[in-house]
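Residue indices begin at 1 and follow the sequence shown.
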Amino acid sequence: MRSKLNQCNKIVIVGAGFIGVELSDELKKTGKEIILIEKLPHILGLCFDEEISIKAEQVLTENGVILKTGTGVKELSGEKKVNKVLLEDGEVIDTDAVVLSMGYEPNTELANESGISTSKQGCIKVDEYMRTESPDIFAVGDCAQKHDFITRKACCTMLASTACAEARIAGINLFKLSAIKTFSGTISIFSTMIGDTAFGVAGVTETQAKKEGFDIITGVFEGIDKHPGTLAGAKKQLVKLIVGKESNVILGGEVIGGSSVGELTNIIGIIIQNRMNINSILTSQIGTHPLLTASPAGYPLLKAASNAASKTIFNHIS
Ligand SMILES: Cc1cc2nc3c(=O)[nH]c(=O)nc-3n(C[C@H](O)[C@H](O)[C@H](O)COP(=O)(O)OP(=O)(O)OC[C@H]3O[C@@H](n4cnc5c(N)ncnc54)[C@H](O)[C@@H]3O)c2cc1C
């Protein structure tokens, strides 16, 4: 693929999920004309709230990628090789190559041929020990059934991090079951880097939470990831927390910033998995260092929790 694309000047990428966005950003660095097409109103629209996706769009377009959102691809055409892309809104784009970066499904051919039960979504059915319905057969990874930690619904998150977490659970339970070491549901934890800005998300977004029927509040804070913020390499760090109103439990979080975003998103994942609430974040002790972290007085994760807490108190009063 790389050697083919090296010979092209103009490339259309279809689908602005993580892979389409990362591929666009990387190919743009090689000086090519890149057009990224997304059917949803915004890029990364299945994973982030709108305002975070819009920020990602700003970074991507500043880096030179041309975005066309809110319109899908209707037709690819050309003789011998593709050279035209017809969009649903009627626009025709000339191109040297097209990369399709949308859709994925579990590869369960072997399971189906072997008579191992699969779900409606086409995944291998597993229980919380990662056992299939066939004796002595376990399944983990992209092919195995998943249910969401927060919504409790079947979900199709396919991540290496999830696959490895499932594999550890299967390994622990392979020869002797452990009632406390089970897989309690998939927490979607994604992070990505566009240019030098990172974006991360764990659990549900505000939009997803509302759609599912959760009564929620959000807490948002933007700070700086070093202190003082005048230090070389310091970047803004924004944290948004999604909090269940009735329980104050953290259901999700989104982060924008520099390279610390990956690990900060993982911390939010651990907060969600351990059902921590606003209070337990506000009373958490954190370590800080001028070159490595935000200031202890303006630590965005804690300040976002504080912002959410202020809304809770306000709501109790009203
Ligand atoms: C471009 C891209 C970027 C990604 N980036 C990330 C990321 O940043 N973070 C993240 O967490 N996830 C990422 N993912 C997702 C991640 O790669 C997958 O979720 C992960 O690889 C799943 O692991 P797995 O072991 O279930 O499947 P795989 O990694 O696909 O491994 C399955 C293996 O089984 C082999 N196989 C299949 N059928 C048979 C058979 N019948 N007999 C023997 N062998 C067989 C396959 O050839 C393959 O080697 C990315 C995926 C893509 C495509």
Are Leu238 and Val204 connected, step by step, through hydrophobic side chains (Ile, Leu, Val, Met, Phe, Trp, Tyr) whose heavy atoms are closer than 4.5 Å? no
Exercise answer: donor-acceptor pairs, residues 254-266 side-chain atoms, under 3.5 Å, sequence neighbours excluded:
residue: Glu254; atom: OE1; partner: Asp49; partner atom: N; Å: 2.8
residue: Ser260; atom: OG; partner: Gln237; partner atom: NE2; Å: 3.1
residue: Glu263; atom: OE1; partner: Asn266; partner atom: ND2; Å: 3.3
residue: Thr265; atom: OG1; partner: Val261; partner atom: O; Å: 2.6

Electrostatic pair Asp89:Lys68 at N-O distance under 4.0 angstrom: no
Are side-chain N/O atoms of Thr71 and Glu91 paired as donor and acceptor at under 3.5 Å? no
Name every donor-acceptor pair, under 3.5 Å, that has one atom in a side chain of residues 122-129 and the other anywhere in the protein, sequence neighbours excluded.
residue: Asp127; atom: OD1; partner: Tyr129; partner atom: N; Å: 2.9
residue: Asp127; atom: OD1; partner: Met130; partner atom: N; Å: 3.2
residue: Asp127; atom: OD1; partner: Arg131; partner atom: N; Å: 2.9
residue: Asp127; atom: OD2; partner: Arg131; partner atom: NE; Å: 2.9
residue: Asp127; atom: OD2; partner: Arg131; partner atom: NH2; Å: 3.1

Checking side-chain contact (heavy atoms from CB on, under 4.5 Å) for the pair Ile116/Ser134: CA distance, chi angles, key distance, verdict? CA-CA 6 Å; Ile116 297 171; Ser134 303; 3.8 Å; yes
Tell me yes or no: between the side chains of Thr186 and Thr162, is some donor less than 3.5 Å from an acceptor? no
May I ask you to say whether Glu222 pairs ionically with Lys303, meaning some side-chain N is under 4.0 Å from a carboxylate O? no
Anything under 3.5 Å between a donor and an acceptor, one on a side chain of residues 2-11, the other on a protein residue two or more places apart or in another chain? List them.
residue: Gln7; atom: NE2; partner: Ser3; partner atom: O; Å: 3.3
residue: Lys10; atom: NZ; partner: Asp94; partner atom: O; Å: 3.0

Please identify each residue that fulfils ring-ring contact (aromatic ring centres under 6.0 Å, His included) with Phe190, with sequence neighbours left out. Phe18
Per-pair distances, 0.1 Å, donor-acceptor, side chain in residues 35-45, under 3.5 Å, sequence neighbours excluded:
residue: Glu38; atom: OE1; partner: Ala16; partner atom: N; Å: 2.8
residue: Glu38; atom: OE2; partner: Leu40; partner atom: N; Å: 2.8
residue: Lys39; atom: NZ; partner: Glu88; partner atom: OE2; Å: 2.9
residue: His42; atom: ND1; partner: Glu57; partner atom: OE1; Å: 3.3
residue: His42; atom: ND1; partner: Glu57; partner atom: OE2; Å: 3.1
residue: His42; atom: NE2; partner: Glu50; partner atom: OE2; Å: 3.0

Sequence neighbours left out, what pairs pass salt bridge (charged side-chain N to carboxylate O under 4.0 Å, His left out) with at least one residue falling in residues 197-218? Lys153-Glu212, Glu206-Lys210, Glu206-Lys240
